[in-house]
Amino acid sequence: MLFGRNKKNPITIADKKIEKWSYSTCGYCSTGCSIEIGTNKEGTPVSSRGVGGADVNQGKLCLKGIYEHELFESAGRGSTPLIRSDFHEPWNEASWDDATGKMASEIKRIQSKYGRDAFAIVSTGQILTEGFYTLGKLARGVIGTNNYDGNTTLCMASAVSGYKRSFGSDGPPGCYEDFEHTDCLIAWGSNLPEQHPIIYWRMKEAQEKRNFPLIVVDPRVTMLAQNADMHLTITPGTDVVLQNSLMHVILAEGLEDQDYIKANTNGFEDLKKEVEKYDPTSAAKICGIDEDTIRTVARLYANAGAAMNIWTMGINQSTHGSDGVVGLNNLSLLTGNIGKKGGTSLSITGQCNAMGTREWSSCSGLPGYRALENPEHREEIGKFWNVDPEFFPKKRGMAQTDIFPAIETGAIKGVWLVGTNPMTSMPNTARIRKSLEKLECLIVQDSYQDVETTDYAHIFLPAALWAEKEGCFTNTERRVNIVRKIKEPYADTKTDLHIFNEVAKHFDQSKKMTFPYKPADVFDEMRHLSKGQLVDISGMTYDLIEKNRGIQWPYTEEQAKQGIAPVKGGKRLYTEDGVFCYPDGKAKLIPLPFVDNNEVPDEKYPFWLNSGRLVEHFHTRTRTGKIGNNNKFSPTAFMEMNPDAAMELGITHQSYVRLVSRRSDAVVMVMLTQRVPRNMVFVPFHFFDCVNRLTLGLLDPHSRQPAFKQAAVRIEKINQEEAAKINKEARKF
Ligand SMILES: Nc1nc2c(c(=O)[nH]1)N[C@H]1C(S)=C(S)[C@@H](COP(=O)(O)OP(=O)(O)OC[C@H]3O[C@@H](n4cnc5c(=O)[nH]c(N)nc54)[C@H](O)[C@@H]3O)O[C@H]1N2
Ligand SMILES: Nc1nc2c(c(=O)[nH]1)N[C@H]1C(S)=C(S)[C@@H](COP(=O)(O)OP(=O)(O)OC[C@H]3O[C@@H](n4cnc5c(=O)[nH]c(N)nc54)[C@H](O)[C@@H]3O)O[C@H]1N2
Ligand code: SF4
Ligand SMILES: [Mo]
């Protein structure tokens with residue numbers, strides 16, 4: 001009977017008439033949630049839900065994943081290839097053969113006139129691994145440019161560089177299950193509840209059961225900080241000073257694990273000498289954390305049975321990004337917290353397949369974490385691809401952040417952008433615009449035609465999106481999961497893998513090589529090349545991956561043959577009996593002198609400019625800007641500002657202001673909040689013509705990653721009507 005409750009809550013959920021649920025993996029962030037897409041009788045995707053038995057998300061999805069089925073029909077998709085001779089001209093539609101043919105002839109023209117490296121390729125962390133591997137084969141083995149990199153330089157480069165310096169190889173050593181075993185967690189510059197909501201849920205559940213202390217290091221009161229036992233509001237860009245001081249206390253009080261240090265590391269004496277300089281009293285003056293807090297945290301961390309550090313962009317996007325990662329590794333090594341349950345140094349990655357590109361794209365080397373600098377690796381890959389190893393460069397070329405300045409100097413004349421939108425995501429976008437305008441040929445390969453960067457392109461290649469194709473992603477905890485094809489590619493779009501193969505066809509060199517079109521055949525090549533490597537996936541097949549809802553590497557052919565369950569595969573690297581990737585098997589403890597080289601606030605530009613993300617949006621909003629249920633939360637550019645600072649300047653809530661830096665200016669709406677201190681503003685970077693007009697982006701010397709999070713600005717009041725107009729203009733969707 002429809003009494004009481006139903007009468008009071010007359011909500012009915014529309015029956016979407018779902019006929020079938022199909023397995024896939026979420027295509028937004030690196031958490032790696034298993035997702036099912038519901039399709040109706042016509043095969044139209046109408047719903048998304050989390051997969052109950054999946055280890056990562058156990059049935060849950062966040063605000064982005066839950067609306068992911070709406071992406072297939074979202075606005076602004078490219079539908080057919082486009083060509084034009086000048087970016088001021090209108091576009092002409094082209095066949096795939098004409099577009100890829102034109103592209104190949106432009107590449108050949110530029111390379112023969114200016115040299116092989118005058119054509120650059122910048123890729124992404126958001127296509128399938130099989131696509132990455134194939135692009136690597138094309139870039140290294142056919143086109144042969146050494147200036148081939150990915151947007152991961154804006155994101156994970158510092159983590160990669162830090163892991164390599166400390167452990168001899170990239171590869172995050174821990175996993176989500178570590179939350180269930182840890183006795184102390186320090187989160188550095190990472191806002192899990194908004195950026196990795198499902199990892200946050202895993203962490204929170206573990207914490208509620210076992211009540212370990214959560215310490216958050218972030219200059220801003222993030223959602224994670226609100227849930228912390230201790231919140232360390234660090235002075236931006238000074239994490240290395242805090243790390244050195246924590247180590248100072250640990251060594252001064254004899255809290256280190258001498259047995260572990262002796263057995264597994266080199267460099268202890270040099271490190272000790274350096275950290276002696278960072279007594280808490282002196283360090284406090286630089287990093288803004290008082291000396292008692294430094295001592296308390298050092299003791300909590302070092303005395304815990306198992307302790308872990310996690311971090312994201314607050315560490316990586318800094319002029320000390322790579323050092324910050326090494327600092328966290330140092331802390332872990334000094335206390336024996338690597339490779340053990342709950343004891344780890346875990347980089348929380350960013351894009352859905354940031355790991356896949358690190359492992360297989362050959363961006364900074366050769367596939368399977370092989371290095372261009374290593375003659376045996378060049379030989380091995382040359383033989384497997386049927387390419388003369390002498391054709392490969394002998395060391396890594398330019399990083400993404402060096403490629404754009406090289407356009408200015410004339411060293412680079414053509415660029416192919418795959419799945420990245422530098423007109424919104426790179427620092428100092430006015431400079432990026434000028435360099436794009438200078439190119440003789442810009443090719444943009446994107447699922448959306450309306451991305452800002454396409455305005456400067458000569459060739460546009462429309463790519464199939466996410467689950468319009470099949471292949472793998474690797475998540476933060478090295479879990480390889482499978483994206484199954486839910487729907488045919490939209491209009492005349494083609495999968496990235498297909499596009500790379502079509503481009504390859506126009507080069508003679510590719511005729512003696514194989515470029516398989518079936519993702520599973522590409523995966524077989526990767527499996528073969530992974531045998532005996534750190535990133536061993538030889539025991540995996542697509543079906544086994546789906547059955548297990550993702551498998552962590554390493555999972556070897558031998559393990560598979562012996563019937564060892566994948567769930568027991570690669571939970572952790574460098575376990576107690578394990579060895580590190582340096583030739584002597586030991587990890588390095590590396591001293592980290594602090595160099596004060598940031599742009600900092602002064603009288604003219606008195607505010608720190610901090611930037612980052614919101615839960616509802618993903619990056620440059622090419623996707624979430626089109627999904628009503630995401631976009632409605634923040635359809636316009638805004639900044640967080642402290643109410644006391646606003647009062648001083650006579651600025652009111654929800655008014656528009658002009659932010660001015662040494663580079664340029666941007667108009668934003670004011671959101672008054674205590675989340676930021678009096679001398680800081682925080683601007684989400686999702687909006688075009690906004691925060692990256694202002695950022696300086698000084699580069700980390702090791703990783704070439706930009707310091708997106710530290711710059712100085714002033715705030716100016718402006719005419720509200722004019723501001724509203726500017727703001728509307730900049731709002732693309
Ligand atoms: N909803 C959503 N989720 C995402 C993404 C998205 O766009 N939207 N993007 C994905 C990607 S690619 C990435 S890389 C991750 C990023 O995930 P996060 O790194 O967690 O996100 P951010 O907001 O960029 O930055 C995190 C924090 O760094 C802090 N910070 C700034 N300066 C410093 C400093 O000097 N020291 C310290 N310790 N902290 C500092 C900022 O105040 C901010 O709160 O998120 C992934 N997940
Ligand atoms: N100020 C500031 N700037 C930042 C950051 C910050 O914190 N502050 N964070 C930086 C970080 S961590 C990152 S990762 C970068 C991200 O920067 P970008 O990579 O430039 O941003 P996205 O919007 O993710 O761009 C990805 C593009 O790929 C397209 N795409 C999606 N799926 C596919 C596909 O399957 N195939 C193809 N070919 N294209 C596809 C999307 O439409 C989109 O245009 O931004 C960086 N910029
Ligand atoms: S947490 Fe990340 S992977 Fe999971 S549903 Fe959200 S965006 Fe997708
Ligand atoms: Mo990122």
Side-chain angles (χ1 to χ4, degrees), residues 23-35 54-57 123-136 150-152 155-157 159-160 163 169-177 196 198-199 312 344 346-370 419 466-467 469-484 496-497 519-520 522-527 529-531 533-542 544-546 548-556 566-567 569-573:
Y23 185 85
S24 215
T25 304
C26 177
Y28 281 115
C29 89
S30 63
T31 301
C33 295
S34 292
I35 189 170
D55 188 69
V56 167
N57 54 317
S123 149
T124 178
Q126 294 172 51
I127 63 172
L128 298 162
T129 312
E130 292 74 358
F132 280 135
Y133 171 78
T134 305
L135 177 59
N151 70 354
T152 35
C155 181
M156 301 317 303
V160 173
Y163 276 142
S169 172
D170 185 20
C175 59
Y176 304 154
E177 199 200 86
H196 302 87
I198 304 300
I199 303 183
T312 320
T344 193
L346 182 63
S347 145
I348 305 288
T349 52
Q351 305 167 81
C352 53
N353 206 13
M355 282 295 292
T357 182
R358 280 152 77 170
E359 296 153 9
W360 292 106
S361 74
S362 311
C363 263
S364 58
L366 290 165
Y369 286 142
R370 287 176 177 85
W466 174 56
K469 50 196 175 190
E470 184 167 75
C472 295
F473 288 154
T474 311
N475 78 351
T476 291
E477 54 169 4
R478 286 170 285 101
R479 187 181 295 273
V480 180
N481 209 341
I482 183 145
V483 174
R484 293 286 193 190
D496 293 291
L497 170 60
V522 183
F523 191 70
D524 274 346
E525 286 193 20
M526 289 157 39
R527 286 174 55 196
L529 284 176
S530 80
K531 274 182 209 164
Q533 303 291 312
L534 185 70
V535 52
D536 197 324
I537 55 168
S538 58
M540 301 183 195
T541 63
Y542 282 0
L544 200 62
I545 293 170
E546 176 173 339
N548 287 277
R549 282 41 182 133
I551 301 174
Q552 285 169 282
W553 63 253
Y555 185 64
T556 65
V567 70
K571 279 204 172 134
R572 294 174 188 86
L573 303 180

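- For the 3.5 Å distance criterion, the side chains of Tyr555 and Asn548 fail to qualify, holding no donor opposite an acceptor.
- Between the side chain of Thr349 and the backbone N or O of Ala354, no donor-acceptor pair lies under 3.5 Å.
- Note on Lys571 versus Glu477: no salt bridge recorded, every NZ/NE/NH1/NH2 to OD/OE distance being 4.0 Å or above.
- A pairwise comparison of heavy atoms in Cys352 and Cys26 identifies CB-O, 4.0 Å as the closest pair.
- Scanning both residues, Ser538 and Ser530, for their nearest heavy atoms gives N-OG, 3.4 Å.
- Using a 4.5 Å heavy-atom cutoff, the side chains of Tyr133 and Leu529 are in contact.
- Contact of the Ser30 side chain with the Gln351 side chain is not registered, since no non-hydrogen atoms from C-beta on lie closer than 4.5 Å.
- Taking the side chain as every heavy atom from C-beta outward, Pro173 and Arg572 never approach each other to under 4.5 Å.
- Using a 4.5 Å heavy-atom threshold, the side chains of Pro172 and Arg478 count as touching.
- Side-chain atoms of Tyr369 do not come within 3.5 Å of backbone N or O of Arg358 as any donor-acceptor pair.
- Smallest separation of non-hydrogen atoms from Trp466 and Ile35: CZ2-CG2, 4.1 Å.
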Would Thr124 and Thr357 count as a side-chain contact (heavy atoms from CB on, under 4.5 Å) here? Give the steps.
CA-CA 8 Å; Thr124 178; Thr357 182; over 6 Å; no
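- Shortest non-hydrogen contact noted between Cys363 and Gly150 is SG-N, 3.7 Å.
- Side chains of Pro554 and Gln533 form no contact here, defined as non-hydrogen atoms less than 4.5 Å apart.
- If you take NZ on Lys469 and CD1 on Ile127, they are separated by 6.5 Å, rounding to the nearest 0.5 Å.
- In this structure, Arg479 CZ and Thr476 OG1 are separated by 11.5 Å, a value rounded to the nearest 0.5 Å.
- In plain terms, the two heavy atoms of Met156 and Ile348 that are nearest each other are CE-O, 4.0 Å.
- Between the NE2 atom of His196 and the CD1 atom of Ile198 there is a distance of 11.5 Å, given to the nearest 0.5 Å.
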Determine, step by step, whether Ser169 and Tyr163 satisfy the side chain to side chain donor-acceptor pair (under 3.5 Å) criterion, reporting the C-alpha distance in whole Å, the side-chain angles of both residues, the deciding distance to 0.1 Å, and the verdict.
CA-CA 6 Å; Ser169 172; Tyr163 276 142; over 6 Å; no
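- In this structure, Asp536 does not pair ionically with Arg527, as no charged nitrogen and carboxylate oxygen lie closer than 4.0 Å.
- Proximity of a side-chain donor or acceptor of Asn353 to a complementary backbone N or O of Gly356 within less than 3.5 Å is detected.
- Contact of the Leu128 side chain with the Pro519 side chain is not registered, since no non-hydrogen atoms from C-beta on lie closer than 4.5 Å.
- We find the CZ-CG distance between Arg549 and Asn57 to be 10.0 Å, quoted to the nearest 0.5 Å.
- Contact check for Met526 versus Thr129: side-chain heavy atoms found under the 4.5 Å cut-off.
- The line from CG of Asp55 to CD1 of Ile551 is 12.0 Å long, rounded to the nearest 0.5 Å.
- In this structure, SG in Cys472 is found 7.5 Å from CD1 in Ile537, a value given to the nearest 0.5 Å.
- Here the closest non-hydrogen pair linking Tyr176 and Thr31 is OH-O, 2.9 Å.
- For the pair Trp553 (side chain) and Thr474 (backbone), a donor-acceptor distance under 3.5 Å is absent.
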Could you go through the side-chain contact (heavy atoms from CB on, under 4.5 Å) check for Leu135 and Ser123 one step at a time?
CA-CA 9 Å; Leu135 177 59; Ser123 149; 3.7 Å; yes
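- Note: Tyr542 and Phe523 have tilted aromatic rings, judged against thresholds of 30 and 60 degrees for the angle between ring planes.
- Remark: the backbone N or O of Cys155 is not paired with any side-chain donor or acceptor of Thr152 at under 3.5 angstrom.
- Within the 4.5 Å cutoff, side-chain heavy atoms of Val56 are placed close to those of Asn475.
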